[in-house]
Amino acid sequence: AVWQNDNESAHRGAYLVTGRRIALKEGLAEITFDSGAVVTLQAPAVLVIDGENAASLQNGQLTAVVGEEARGFRVDTPLVPVVDLGTEFGVEIDEAQNVSVHVFRGSVALESSEVVAARCIIVSGQAATVSHGGGATISNLPEA
């Protein structure tokens, strides 16, 4: 992993406290939360640790593997909070700050926000795109 700034770098096994900003310039970083949720951050990306079971993705992409013990793991994005319902999922924020959520296993909830009027559930094999234009578009992922 190559960090954006030397003072933001983290070494293997480092404990990341709440409020810690992680700016990844190149490569991948795996983060295990106290709750047991495991996030793989893919550069370029910026993530803030919000607590033992929550983070804010400011830009870039991540995948999360969330076991039963971490159910409810939350990823806040600029447009919509994504809440795990026991799953494996990915979140990507593009350059225009649109948010894409892909559910590989289980389900997630897109919580109500200024952009999404009501809570939506996205299930395994589905993806949702949330744009500044408003609302969420849900589609099926292509078969692998």
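We count residues from 1, following the sequence as given.
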Once ring-ring contact (aromatic ring centres under 6.0 Å, His included) is applied, what residue pairs with a partner in residues 26-78 remain, sequence neighbours excluded?
Phe33-Phe73

Sequence neighbours left out, cut at 3.5 Å: what donor-acceptor pairs do the side chains of residues 120-130 make with other protein atoms?
residue : atom : partner : partner atom : Å
Ser124  : OG   : Phe104  : O            : 3.3
Gln126  : OE1  : Val123  : N            : 3.1

Where Val83 and Gly72 come nearest, the two heavy atoms and their spacing:
CG1-O, 3.8 Å

Please say which of Asp76, Val46, Leu41 ends up in a side-chain contact (heavy atoms from CB on, under 4.5 Å) with Leu57.
Leu41

Taking all atoms of both residues into account, what is the closest heavy-atom pair of Val108 and Leu85, and its distance?
C-CD1, 4.0 Å

Output yes when a side-chain donor or acceptor of Thr32 lies under 3.5 Å from a complementary backbone atom of Val38, and no otherwise.
no

Side chain to side chain donor-acceptor pair (under 3.5 Å) between Asn98 and Ser131, worked out:
CA-CA 5 Å; Asn98 298 312; Ser131 65; 4.6 Å; no

Taking only residues two or more places apart in sequence or in another chain, which ones pass salt bridge (charged side-chain N to carboxylate O under 4.0 Å, His left out) with Glu92?
none

Measure across Gln58 and Arg21 and return the closest heavy-atom pair with its distance rounded to 0.1 Å.
OE1-NE, 4.3 Å

Grab the two heavy atoms, one from Leu24 and one from Gln42, that are nearest each other, plus how far apart they are.
CD2-C, 4.3 Å

Using the rule that Ile, Leu, Val, Met, Phe, Trp and Tyr join whenever any side-chain heavy atoms are under 4.5 Å apart, tell me whether Leu62 and Val65 fall into a single cluster.
no

Any link between Val66 and Leu16 through a network of hydrophobic side chains (Ile, Leu, Val, Met, Phe, Trp, Tyr) touching at under 4.5 Å?
yes

